[in-house]
There are 2 protein chains.
Amino acid sequence: MLLVLKFAGLCLCLGLCRGLQFNDVDEEAPSAAQTSKYGSLWPLPQEVNIAETSFKLSSSTFRIVDSKQSSAGPSCNILQNAYRKYFEYMFGVARKQEFGKNGRPGLSELTELQVWVTSVDSECDGYPSITSDESYELAVDQPFALLVAPKVWGALRGLETFSQLVYEDEFGAKNINATKIKDFPRFAHRGILLDTSRHYLPVKAILTTLETMAMNKYNVFHWHIVDDPSFPYLSRTFPNLSQKGAYHPYTHVYTPADVKMVIEFARLRGIRVIPEFDTPGHTQSWGKGQANLLTPCYSGSKPSGSFGPVNPILNTTYDFMTQFFKEISSVFPDAYVHLGGDEVDFTCWRSNPDIQKFMEDHGFGHDYSKLESFYIQRLLDIVTSTKKGYMIWQEVFDNGVKLKPDTVVHVWIGGGSNEELSKVTASGYTTILSAPWYLDYISYGQDWQKYYKVEPFNGSCLHLNTTKTCFCRTEQQKKLVIGGEACMWGEYVDATNLTPRLWPRASAVAERLWSHQNVTDINDAYSRLSAHRCRLVERGIPAEPLFSSYCPREYKAV
Amino acid sequence: MLLVLKFAGLCLCLGLCRGLQFNDVDEEAPSAAQTSKYGSLWPLPQEVNIAETSFKLSSSTFRIVDSKQSSAGPSCNILQNAYRKYFEYMFGVARKQEFGKNGRPGLSELTELQVWVTSVDSECDGYPSITSDESYELAVDQPFALLVAPKVWGALRGLETFSQLVYEDEFGAKNINATKIKDFPRFAHRGILLDTSRHYLPVKAILTTLETMAMNKYNVFHWHIVDDPSFPYLSRTFPNLSQKGAYHPYTHVYTPADVKMVIEFARLRGIRVIPEFDTPGHTQSWGKGQANLLTPCYSGSKPSGSFGPVNPILNTTYDFMTQFFKEISSVFPDAYVHLGGDEVDFTCWRSNPDIQKFMEDHGFGHDYSKLESFYIQRLLDIVTSTKKGYMIWQEVFDNGVKLKPDTVVHVWIGGGSNEELSKVTASGYTTILSAPWYLDYISYGQDWQKYYKVEPFNGSCLHLNTTKTCFCRTEQQKKLVIGGEACMWGEYVDATNLTPRLWPRASAVAERLWSHQNVTDINDAYSRLSAHRCRLVERGIPAEPLFSSYCPREYKAV
């Protein structure tokens, strides 16, 4: 990582103009009162070089245009859409200034950002994937600024960065400094999990989250769409699932049109949508609209009337799953689907005589994790036949289920400890980390720092009691850690509090997943994140404050 | 307290129609899955009698009118304003139903709520006070419903209650059951503290809070308007205080017109506005616009350039305070002003040679709490001369400052322990409790239950080590506990997250302060509060959820 700043003088202005005015008299002040030399950049690019020279930008002359050599032209929706959006972010509701209309640009004016997608296939009409190239290079200088990226995905990231470089001087004029940036993500999978089962989130709340994710260079929306409490996914094949299993069959469901809109809105922002249909546990809501899918629990020798996990001993279960995941594989374009597999409670299975017999017949003894693996194994085969890859929660790996080599194991247990990452990668599987980033857990104070300080490559040694083998991560293992996700489970979260609870806390995770491993200065992060938070507020996102302070333009839509 | 419910059958409908659909399968479910027989009433009135008979309400025929005997007629803004508001709350954006316009009301229709203010002086043109009568009686029956209250304040509370009795049947029709309610608050002082110094809150955020307070029968807005970080109060007498001390002199101040609007908006809802101007500590922002007000701190024999608490040894200090509080006493109509007096740090005073000499001259030795008392005593005399009463934080009482008999001592230290209440009331002073209700402290889970379970009269005995005297509270002492306040300090709160963080957690405190001491059933409270929360959401207030569940109409303004 190359961080060069030739002229420190300009930094004060960058910071002040972007909005952080830290209160340095409060008794609980953290140690980060100074302005960052990187202004409000968040997440910090891999290489940044900001010069002293500054240019003015006028809303009446400044344009974002396709470079002539670009493989993405006027027909590329992704970019045309982004140009308009970022213009608005930069200039707000600026009126057209007629008086400057016919004047020539001054020497110190920047009038154009040219966007040059260099690959023959810009991928403009495709979907982002785990292998998408998000790199870009940005050069702000006269006669024009140039954003170069192999694919549209990098161009999107670069546009966000460009918009973050623009600041207001004391007269409200828009300025940008001569800048060179070379940037790419540290991790390929940078996700947010939303839970739309414990509370239904209106589509608008999901779109707002996607919009804010793009401002933080997130690229995966993990849609934990159904769970025990409700089944809001409207299935064309099995409409009864939501008809009976949603909180309400009309007002609390995601129709095919809703899902399509979410996916396209995400695509335009370079964000993958990975749906999770968690089985065999967490499926109470499935049982309401699909008879015989769940295991009948027994009280003594009689059914108790309540139901447990998916019934793994019936052929009808697998017939259902085959049809269901065939639909899912066509509705969701991403190459991966998340199959869950966490927290299976064996109590109900144990109580059921048919299950007991099945266990005996298959020689499972009393080890119900074997039954769980039996189910999961068949489910994985079903999903494989739909040509999808899968992600699973770590228990599936822990239980020794046979996984395809491209399986992504999702680590969620253990909080700060990363031993599981060592185990998973030692077995050759790719993995993503969520354990330290359960953002639904809240506490008083600046907990963003806790999320920020997580280093996925730390604490990577595990001494097994039996063999004393050390699974210290090798470079090869490190490559298998492809990223992480911030999880916002829904027990205590709905549209009323989602956004301020998620942002800017998830921004802390975003920088950890995007920026270089060496970017760890908490004071510098405080300064940039405070300014970034004010930018989110100015863009209409109610992101909560880090500490006593103010934004030049406070959140108004109370 | 008389709680009569003749026909349990209707309750199911009341609850279902009001919106709580509790998810009873989630593993973390609390024990409160059933519907309350009191529907969605919150806070619970003192006496409730709901019958099985129900009446329909039509938006085209139903009217809220002044009773002919009422002392508050069409010129009473408070009521006319409230009638319109509650009509809208009950019927939403209901279109006028032309087809029913000329029809006679059916036998089962309720067409009128008559509001009868019985006192000769309705107090419609006055301000609420600590002695305001908020009692009311409500009888819902044919041919009309009758709300009787001695004063407009009780009428306001009764209108809220009436609106809470209205529910939708499965066809969306508005219904209300025959009901008799007799109600009055347990405590006279039921407040919310907002801190507009650590973060500036736009006036709109304050008004939203006042509106929601009225829905929860709160009656005091404690405006902690200035503090160390910023001084947003625009003083006519000393305009430099905000010109220099606010985060920004134009965008982050409360002008005289703003303050007037807040006070009138509050008055229309029966809410007192008590401003707090906290001295001698918490005054860093005052020093920016008022030279020589704060104590210069010394580093060795030289001034360090930083400043401490208000300088208590200069006559100019008291001249300033005299003028300043003269203005405050005329701007804020309430009979009380909050003078703070908490957390005075003596370090700076100790360092200053002039202060040291003053201490010596006055025989204070090294006891700086004597100097603090010296200052506070003079300040209290100044404020007394403006004909205002005062509230003070508990340290002022603890330090033995001589207080007027009508002083309200504000208890904030010690969390759940209420020993301080015993001490204060044993000394004959009135007191309010905030120690267990610092709502800016957050934690994962249903912390509303913790706030709800507080009983101000519990744990009231204190055995002093020296004398073994027991300050068990007598009935006389209990009368001196006049209420409490939920505090939302501003370190981590601004307009982006204020409302979901405050509600419905502050609703829990509201019921503790309004309802009978015996109202402690946590399951019943869970049911009613869930429905109340959905009502707040429906009225446009982003109140956060208690747990996995849904509202018929989710929050849309994401």
Side-chain angles (χ1 to χ4, degrees), chain A residues 21 23 25-28 197-202 204-205 207-209 227-230 247-248 251-252 284-285 306 343 345 440-446 490-501 503 533 537 541-558, chain B residues 21 23 25-28 197-202 204-205 207-209 227-230 247-248 251-252 284-285 306 343 345 440-446 490-501 503 533 537 541-558:
Chain A
Q21 300 290 336
N23 147 46
V25 296
D26 199 288
E27 60 279 12
E28 297 176 48
S197 173
R198 291 180 177 83
H199 285 98
Y200 176 82
L201 295 173
K204 194 175 164 191
L207 300 187
T208 298
T209 302
D227 202 303
D228 282 327
S230 76
Y247 280 135
H248 189 284
T251 60
H252 288 66
Q284 289 292 303
S285 67
S306 66
E343 298 184 311
D345 182 354
D440 54 316
Y441 291 131
I442 54 171
S443 59
Y444 184 75
Q446 297 200 37
E491 281 87 349
Y492 301 102
V493 176
D494 70 3
T496 63
N497 60 352
L498 170 66
T499 304
R501 191 163 289 199
W503 309 103
R533 183 312 267 204
V537 168
I541 308 299
E544 67 180 21
L546 299 181
F547 194 61
S548 306
S549 65
Y550 81 102
C551 296
R553 298 180 183 93
E554 301 289 356
Y555 186 64
K556 285 287 196 295
V558 181
Chain B
Q21 301 289 339
N23 147 46
V25 296
D26 200 287
E27 61 278 12
E28 296 175 47
S197 172
R198 290 180 176 84
H199 285 100
Y200 177 82
L201 294 171
K204 194 174 163 191
L207 301 186
T208 298
T209 303
D227 203 302
D228 282 326
S230 77
Y247 281 135
H248 189 283
T251 59
H252 289 66
Q284 289 293 303
S285 68
S306 67
E343 300 185 309
D345 182 355
D440 53 317
Y441 291 130
I442 55 171
S443 58
Y444 184 74
Q446 297 200 36
E491 280 86 349
Y492 301 102
V493 176
D494 70 4
T496 62
N497 60 353
L498 170 66
T499 304
R501 192 163 287 199
W503 310 105
R533 187 302 275 203
V537 168
I541 308 299
E544 66 180 20
L546 298 181
F547 194 62
S548 304
S549 65
Y550 82 102
C551 296
R553 298 180 184 93
E554 300 290 357
Y555 186 64
K556 286 286 197 296
V558 180

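Since we're looking at a predicted model, the values are computed, not measured. In what follows, every heavy atom counts, from backbone to side chain, and hydrogens, waters and symmetry copies are set aside. In the text below, chain A, chain B and the rest are named by the order of the sequence lines, each starting its count at 1.
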Counting only heavy atoms closer than 4.5 Å, note whether [X] contacts chain A via side chain, backbone, both or neither.
X      : answer
B:H199 : both
B:L546 : backbone
B:D345 : neither

Check A:K556 against B:K204 and note the closest heavy-atom contact, atom names and distance.
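The pair with the smallest heavy-atom distance is O-NZ, 3.4 Å.
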I need the minimum non-hydrogen distance between A:P545 and B:D494, along with the two atoms involved.
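Where A:P545 meets B:D494 most closely, the heavy atoms are CD-OD1, 3.4 Å.
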Any chance you could measure [X], atom [atom1], to [Y], atom [atom2], to the nearest 0.5 Å?
X      : Y      : atom1 : atom2 : answer
A:Y555 : B:N497 : OH    : CG    : 11.0 Å
A:S548 : B:D227 : OG    : CG    : 8.5 Å
A:E554 : B:Y200 : CD    : OH    : 8.5 Å

Is the B:Y492 ring parallel, tilted or perpendicular to the A:Y444 ring (thresholds 30°, 60°)?
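Ring orientation of B:Y492 relative to A:Y444: perpendicular.
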Are A:R533 and B:T496 close enough that some pair of their side-chain heavy atoms sits under 4.5 Å apart?
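With C-beta onward as the side chain, the pair touches.
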For the candidates B:A543, B:S306, B:S197, B:G490, which exhibits the highest count of non-hydrogen atom pairs separated by less than 4.5 Å from chain A?
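The answer is B:A543.
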Pairs of heavy atoms under 4.5 Å with chain B: top-ranked of A:T251, A:L201, A:L207, A:D440
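The answer is A:D440.
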Any sub-3.5 Å donor-acceptor pair from B:H252's side-chain atoms to A:C551's backbone N or O?
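Yes; at least one donor-acceptor contact below 3.5 Å.
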